[in-house]
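One structure is given below, encoded as structure tokens.
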Amino acid sequence: MFAADVPSSAPVVDPVPAILDAEDWSQLSAGLVQRMRLLDALHADLYGPRTVLAADVAPVAQLLQDPAYLRTATGIPSRGNHSLFALTTTVARTTDGSWVVLEDAVDVPDGAGTTLELRRVLSRCAPTLYRSTPLRRLHPFFDTIRTSLHQRTRSEGRAGRTVVLTEDSEDPMRGFDHSWLANLLGAPMVSVGDLRTGSGTLTLRLPGLDSDPGDAVDALLRLVPSRLLDPLDLGPTPLGGVTGLVEAARCGDVEIFNPLGAGLLENPDLRAALPDLCRQLFHEDLLLRPAEPGLEQAGWLSMDPAGGDELIERPLVLRLLVMGTEDGYEVLPGGVGITADDGPEALKDVWVTVPETSAVPAEGEPEPGTADQAPAAARGVLTAYPAMTRSIGSDLFWFGRYLERVDSTARLLRAVLDTVNDLDAERGPGARTAQAVLLGAVTDVTTTYPGFRGLDLDSHEAVSGEIESLLTSRGRPGTLAQSYAALTHTTRTLRDLISDDIWPVIARMNQRLRALGGQDTQPVEQRLTDIVDGCLTLSGAVADSMPRNLGWDLTEAGRKIERTMGLLALLRAVLGHRRTRAAEARIAGAVALVTESGASYRRAYHAAIQPELLLELLLTDTTLPRSIAFQLERLGLALDRLPDVAPSPELRAPLIALRSRLGGWEARELLHPLGGEAADGAPTALLEEVDAAMDTLRELATALENRFFHPSESTSRWGIDDV
């Protein structure tokens, strides 16, 4: 999973875990819970009566000047016994065995997803060690938090709806961590464009008409800095924000976790004053004190970054997560260890061992002391979350399109390269014509102009350079590398909707695609076959794991639209002009390879491949998965299942018009030269007909986007709008 999501310069994973015994963990967890209680009390005071500012202990000037102090957030109510929901604290152990705090992340806590993924990585890399070590498991913690969140957000006798607000982070690790947290809490991920306010309420923009009131949101778990949330009360933001969110929170109809303005608690001067503030507010000593300058950290056993076989000691900082429950706070029994020396940064899983006198709970069983949560979970039945928001619907639609684009581009390149290699051995004019047509078709279908259309095809270096660019250039729209980059970017936004089984597939495809630009002696055609195999595996994983709901239909519609566009563009490029019989035979053979229709053709016609018969098969055979007839049939079924499509003529009309146009096509008439003379290069009626059909298909895609998500959200910045 890491290989698919993070750049090559990202920190490595150290397979040696950082182990905390029961005594260390007891000391740490007690200090973290106390710290959370203290910060919660400070937030309630600073955004309430502000009595702490009247004392001599707090750094008043530094707090009042801090941009993170959002005055407009003052007085926003809290439903529970505490305001703060989560806290990530970075701690270190000194050489004398004590623990100190380096920093707190209160505004946007993180680490939950990374902690769980590190645990999964180590459990698979060292399964025997993992099974034989009596350590605290992680999932019971999230079960507790999920149940507590459900009980806290219940409203008027119904289950509350919680959503997780994220931003499109440029840091893949951060985005991965946030999506894992949403998945663990069972809450859908949304962006600011998915939310709207009105009359003091916060609702979701669901796929459909703008007049739809949407679903009310009871709790917003924000993973976006406070200052970026509401342009009305907090000022203009790069994200646009959710206008009126502060007012909705003030009205009490939606609760925000962590509360707005929590970033003030990260103030370094406030952190230094926490020991005195703890004595003032709680009349007790702070258990975890701030780190002093010149801190000497203890060493932890780690792998040698220089590559040696012996374990060495490296200083380590631990990022630990505290989250709120119904009764108080609980610490995640694990965390992320990060090496803190001059060597390459490495991530380590943090293991918390179970005391010898304690029974180790079996995987999937609750931790001791959590048995009383079952009745709490049973007190109400969770209502189903909405299938998706508009932005998620857009991502699913484009996920289908990009997946199809990667697959079709790899198939086209593989078939054309195979055919061109065969034609190199021939010297006749038919072979040269077929080569030029097929290479030009690659440019036309991928829209990578000028491409082969602007090259001297007799120059082997020029042709090889263009092929390499098509395989490896991520900054050039339409290339295989660019389409794959768009696919992986879109896939990351769908982590809480698709199976974890797809990530190893994505990682393998990424490795194979990178190898296309290397000096490996393996033929390019074989590497393209590996990409095609990856697309098939990815399609199967998605088909076997994705629920058959609106998301599936949008994905299916995206795939069928993209495949139909690709097929029409291919037919136009290779059959839009008449060629000699020898050249057309080779061209038709390559088309049969791309569309995997050779076996069906032979069973249907028992003859050598002819352009007219192959075109007829691709236009009419509803049993052939890569025929145009098959795509339109499946596209119609997907549109039939979409909500409220029947009264929507803007969706029905283009599909009906497309079916009517293609139903009237006759293969021989389409390939008849317009001028009546079958001269080499004479244009055919197929050119105009395909252009009209593709315009109708674009109209259908635009209508689908306008109906179910905003057009501005439907076009990914990673890709192009059309094939």
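Values below: all heavy atoms of this structure, side chains included; hydrogens, waters and symmetry mates excluded.
Put simply, the side chain of Leu318 does not reach to within 4.5 Å of the side chain of Thr90, judged on heavy atoms. Using a 4.5 Å heavy-atom cutoff, the side chains of Ile76 and Leu260 are in contact. Residues Leu287 and Trp99 form no side-chain contact, since every pair of their non-hydrogen atoms from C-beta on lies 4.5 Å or further apart. Trp300 places none of its side-chain heavy atoms less than 4.5 Å from the side chain of Arg314. A 4.5 Å side-chain heavy-atom check between Leu234 and Leu228 finds every atom pair outside the cut-off. Side-chain contact between Leu245 and Ile256: present, with at least one pair of heavy atoms (C-beta onward) separated by less than 4.5 Å. Contact of the Leu39 side chain with the Leu274 side chain is registered, since non-hydrogen atoms from C-beta on lie closer than 4.5 Å. Considering only heavy atoms from C-beta on, Leu46 comes within 4.5 Å of Val52 through its side chain.
When each of Ile312, Val12, Asp341 is tested with Pro305 by the rule side-chain contact (heavy atoms from CB on, under 4.5 Å), just one qualifies, namely Ile312. Considering Asp269, Leu264, Leu270 in turn, Leu264 is the only one that fulfils the side-chain contact (heavy atoms from CB on, under 4.5 Å) rule with Asp66.
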(request) Report the C-alpha distance between Glu292 and Val100 in whole Å, list the side-chain angles of each, state the deciding distance to 0.1 Å, and finish with yes or no for side-chain contact (heavy atoms from CB on, under 4.5 Å). (result) CA-CA 8 Å; Glu292 299 291 341; Val100 294; over 6 Å; no
(request) Evaluate the side-chain contact (heavy atoms from CB on, under 4.5 Å) criterion for residues Thr162 and Leu185: first the C-alpha distance (whole Å), next the side-chain angles of each, then the deciding distance (0.1 Å), finally the verdict. (result) CA-CA 9 Å; Thr162 302; Leu185 296 180; over 6 Å; no
(message) Applying side-chain contact (heavy atoms from CB on, under 4.5 Å) to Leu221 and Val163, what does each step give before you reach the verdict?
(response) CA-CA 6 Å; Leu221 176 58; Val163 298; over 6 Å; no
(request) Take Val224 and Val192 through the test side-chain contact (heavy atoms from CB on, under 4.5 Å) and record every step on the way to the result. (result) CA-CA 10 Å; Val224 176; Val192 292; 5.7 Å; no
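Counting non-hydrogen atoms of neighbouring residues, nucleotides and ligands closer than 6.0 angstrom, the CG atom of Asp304 exceeds 12 such neighbours. By the 6.0 Å contact criterion, CZ on Arg71 is enclosed, its count of non-hydrogen atoms from other residues, nucleotides or ligands being greater than 12. Annotation: Asp342, atom CG; neighbour count of heavy atoms from other residues, nucleotides and ligands within 6.0 Å does not exceed 12.
Ring geometry, His82 versus Tyr329: the interplanar angle falls from 30° to 60°, so the pair is classed tilted.
Salt bridge Arg37/Glu284: present, at least one basic N to carboxylate O contact under 4.0 Å. In summary, Arg50 and Asp45 do not engage in a salt bridge, as defined by a charged side-chain N under 4.0 Å from a carboxylate O. Ion pairing of Asp177 with Arg174 is absent here, as no side-chain N (NZ or NE/NH1/NH2) approaches a carboxylate O to less than 4.0 Å. Taking 4.0 Å as the cut-off between side-chain N and carboxylate O, Lys348 and Asp14 count as a salt-bridged pair. In summary, Glu255 and Arg152 engage in a salt bridge, as defined by a charged side-chain N under 4.0 Å from a carboxylate O.
To the nearest 0.5 Å, the span separating CG on Leu288 from OG on Ser29 amounts to 9.5 Å. Rounding to the nearest 0.5 angstrom, the gap separating the CE atom in Met189 from the CH2 atom in Trp180 is 12.5 Å. In this structure, CD on Glu117 lies 9.0 Å from CE on Met173, to the nearest 0.5 angstrom.
In this structure, a donor-acceptor pair under 3.5 Å is absent between the side chains of Thr325 and Asp327.
The minimum heavy-atom distance between Asn258 and Phe85, with the atom names listed, is OD1-N, 2.6 Å. The two residues Val317 and Ala92 make their nearest non-hydrogen contact at CG1-CB, 4.3 Å. Taking all atoms of both residues into account, the shortest heavy-atom contact from Ala262 to Ser226 is N-OG, 4.2 Å. The two residues Leu181 and Met323 make their nearest non-hydrogen contact at CD1-CE, 4.4 Å. Contact record, Arg222 with Pro259: NH2-O, 3.1 Å, taken as the closest heavy-atom pair. For Leu321 against Pro109, the heavy-atom pair with the smallest separation is CD1-CB, 4.5 Å.
No cation-pi contact links Arg119 to Phe142, judged by a cut-off of 6.0 Å to the six-membered ring centre and 45° from its axis.
Looking at residues two or more places apart in sequence or on another chain, you find a side chain to side chain donor-acceptor pair (under 3.5 Å) between Asp110 and Arg319. The side chain to side chain contact (heavy atoms under 4.5 Å, CB included) search around Thr353 returns Ile19, Asp21, not counting sequence neighbours. The ring pair (Phe, Tyr, Trp, His ring centres under 6.0 Å) check on Tyr47 picks up His43, Tyr69, with sequence neighbours excluded.
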